[in-house]
Amino acid sequence: MEEKCVCEPNEILIFSCAGSSNVGQIANLAAVRLAQEGIGRYFCLAGIGGHISGMIESTKAGKMLIAIDGCSVGCARKTLEHTGFNIDEYVQVAELGIEKNHNFKLNFPDVEKVTSHLASRISKRSGVSYHLEKIME
Ligand code: SF4
């Protein structure tokens with residue numbers, strides 16, 4: 001029998017780079033969307049980078065870590081890995097065909113693309129099906 005994860009949504013922790021580009025902000029909004037859908041909790045990456053002890057301990061208690069980066073520089077991934085955390089699911093927004101720029105004209109279907117991509121990956125890992133409500137227009 002296939003083993004399924006039994007993580008509660010509050011044990012699925014989501015981190016995004018929230019970088020200063022369109023793809024960084026799309027990463028941020030996709031993390032917001034996953035949290036709005038109740039798929040996981042959005043956690044503060046800056047708290048990990050700042051070695052805030054309470055946040056490090058809360059992250060250790062997480063059962064599934066999700067990281068979203070805007071681009072191949074991989075700041076969220078590297079921040080988590082430097083602190084000793086293993087990432088369970090990871091995506092770079094730019095890998096999904098969304099070109100990086102600094103004009104901040106965000107295309108909300110791009111946010112939904114990243115959100116759906118990760119929801120599907122998390123679903124496969126957890127065995128839980130998600131039906132995304134379209135909140136963001
Ligand atoms: S991963 Fe890319 S978009 Fe995100 S903070 Fe780093 S350089 Fe900026």
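Start at 1 and go down the list; that is how both ligands and their atoms are numbered.
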Are the side chain of K100 and the backbone N or O of V93 linked by a donor-acceptor pair below 3.5 Å? no
Return the residue, atom name and 0.1 Å-rounded distance of the protein heavy atom closest to atom 3 (S) of ligand 1. S21 OG, 3.5 Å
Could you tell me which residues satisfy side chain to side chain donor-acceptor pair (under 3.5 Å) with E81, sequence neighbours excluded, listed by chain and number? R77
If the condition is side chain to side chain donor-acceptor pair (under 3.5 Å), which residues does K60 pass it with, not counting sequence neighbours? E57
Just the protein N/O/S atoms under 2.8 Å from atom 6 (Fe) of ligand 1, please, no waters. C75 SG
Is it true that a side-chain atom of R41 and a backbone atom of I14 form a donor plus acceptor pair closer than 3.5 Å? no
Would you say D69's side chain and C75's backbone share a donor-acceptor pair under 3.5 angstrom? yes
How would you list all residue pairs meeting ring-ring contact (aromatic ring centres under 6.0 Å, His included) that involve residues 11-38, not counting sequence neighbours? F15-F43
